[in-house]
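In the text below, chain A, chain B and the rest are named by the order of the sequence lines, each starting its count at 1. Keep in mind the model is a prediction, meaning the values are calculated, not measured.
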2 protein chains.
Amino acid sequence: MDEFNTSKPIYLQLADRINRLIVSKELKAGQKLQSVRDMALSYNVNPNTIQRTYSELEREGILETRRGQGTFVTEQEDRLIQLRGNLKEEQIQTFVQIMQEMGYSSDEIISGLQDHLNKKDKGDA
Amino acid sequence: MDEFNTSKPIYLQLADRINRLIVSKELKAGQKLQSVRDMALSYNVNPNTIQRTYSELEREGILETRRGQGTFVTEQEDRLIQLRGNLKEEQIQTFVQIMQEMGYSSDEIISGLQDHLNKKDKGDA
DNA sequence: ATTAGTGTACTATGACATTAATACACTTAC
DNA sequence: GTAAGTGTATTAATGTCATAGTACACTAAT
């Protein structure tokens, strides 16, 4: 698993992934993450890169690190609830902005999205 | 106007903007763009950066340059129609993927989007 | 105490984005 | 032909991302 976009730093792409894992409850409050070295092996990147990712998320209050023990998802559930809402709004906001910049109306955006989801839902089911 | 994201090269962010201007018909087929030097002044970046943006879009067949004359939107309207469709699908696809990674269902995505658009439409009107 | 597993810090290197300055090639208008 | 306005090319310097290697500090288990 090492498909990274060239147009954005790897450590930020990893931070995005971890955020989404947390928001989707695949990583729960208080849960321990892979060690810097293990995660580096998993994603086939340098340990320093993982450390930057963890530092960034720690700075945002999402992760907490205990020296010698490991890195954990914060226990403060309110932060995670806030994160979930923030990421959702952020995604919707930038999506809508770009679609409107391209000249699509609100109706076109909704119907385009519905078409896409219908195709996917049928394909998966 | 020089608000650029630090997590993506400026020349690609400018390419995105130009693509959207073309898709929204603010730039029409065959229309002349600002010169490399003028555009550099407008966006407060180095002329070399603009040149890279133009080269990239030329490589994609969106722009055409005539030495000594300037850089123009391609006359091939089919390319622009294709571009419009591609960019729309691309935006929808990545938006849906991220929302699903965060654990949102199709219904939640649609309703979240509708809420957002309702707020905006009322605010603007 | 020792060991293994943590996070953390430091230096060096290579690749790339960006800026800067300069020069060249072509087209159009005068 | 000259001048002004185009795109294009080259070189150098700076900053960031990522890798590589090494070392240190702390914790838990033995």
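One finds the CE atom of Met99(A) at 9.5 Å from the CG atom of Leu87(B) (value rounded to the nearest 0.5 Å). Taking CZ of Phe4(B) as the start and CG of Leu12(B) as the end, the distance is 11.5 Å to the nearest 0.5 Å.
Applying a 4.0 Å cut-off to non-hydrogen atoms, the residues of residues 7-15 of chain A that approach DNA chain D are Pro9(A), Ile10(A), Tyr11(A), listed by residue number.
Backbone-only contact: Thr71(A) has heavy atoms under 4.0 Å from sugar-phosphate atoms and none from a base.
At least one side-chain nitrogen or oxygen of Gln69(B) sits closer than 4.0 Å to the OP1 or OP2 atom of dT28(C). For dT19(C), one of the phosphate oxygens OP1 or OP2 lies less than 4.0 angstrom from a side-chain nitrogen or oxygen of Thr49(B). Residue Thr65(B) has no polar side-chain atom (N or O) positioned under 4.0 Å from OP1 or OP2 of dT6(D).
Put simply, CG on Leu63(A) is 13 Å from C1' on dG7(C), counting in whole angstrom units. In this entry the distance linking CZ of Phe4(B) with P of dA17(C) reads 16 Å, nearest Å. Summarising the geometry, the separation between CD1 on Ile50(A) and C1' on dG5(C) is reported as 17 Å, rounded to the nearest angstrom. With rounding to whole Å, Asn46(A) atom CG is found 17 Å from dC10(C) atom P. The distance from atom OH of Tyr54(B) to atom C1' of dT8(D) is 14 Å, rounded to the nearest whole Å. The OH atom of Tyr43(B) sits 15 Å away from the P atom of dT18(C) (whole-angstrom rounding). Distance, Gln51(B) CD to dT6(D) P: 14 Å, rounded to whole Å. A straight line from CD of Glu64(A) to P of dT8(C) spans 12 Å, rounded to a whole angstrom.
Between the side chains of Ser7(B) and Asn5(B), at least one donor N or O lies within less than 3.5 Å of an accepting N or O.
Two residues, Arg66(A) and Asn48(A), neighbour DNA chain C, and the one matched to the more 5' nucleotide by heavy-atom proximity is Arg66(A). The residue among Arg67(A) and Leu33(B) whose nearest nucleotide of DNA chain D lies closer to the 5′ end is Leu33(B).
Just one residue in the list Thr49(A), Thr53(A), Ile50(A) forms a side chain to side chain contact (heavy atoms under 4.5 Å, CB included) with Met39(A), and that residue is Ile50(A). Under the side chain to side chain contact (heavy atoms under 4.5 Å, CB included) test applied with Leu80(B), the options Leu27(B), Asn19(B), Val73(B) reduce to a single match, Val73(B).
Distances were taken from every side-chain heavy atom of Glu58(B) (C-beta onward) to each of dT19(C), dT8(D), dA20(D); the shortest belongs to dT8(D). Considering only side-chain atoms of Arg37(B), the nucleotide from dT10(D), dT27(C), dG7(D) that sits closest is dG7(D). In the set dT8(D), dA17(C), dA20(D), the nucleotide with an atom closest to the side chain of Arg52(B) is dA17(C).
Relative ring orientation between Phe95(B) and Phe95(A) is described as parallel, the plane-to-plane angle staying below 30° on a 0-90° scale split at 30° and 60°.
In terms of heavy atoms, Gln13(B) sits closest to Lys8(B) at NE2-O, 2.5 Å.
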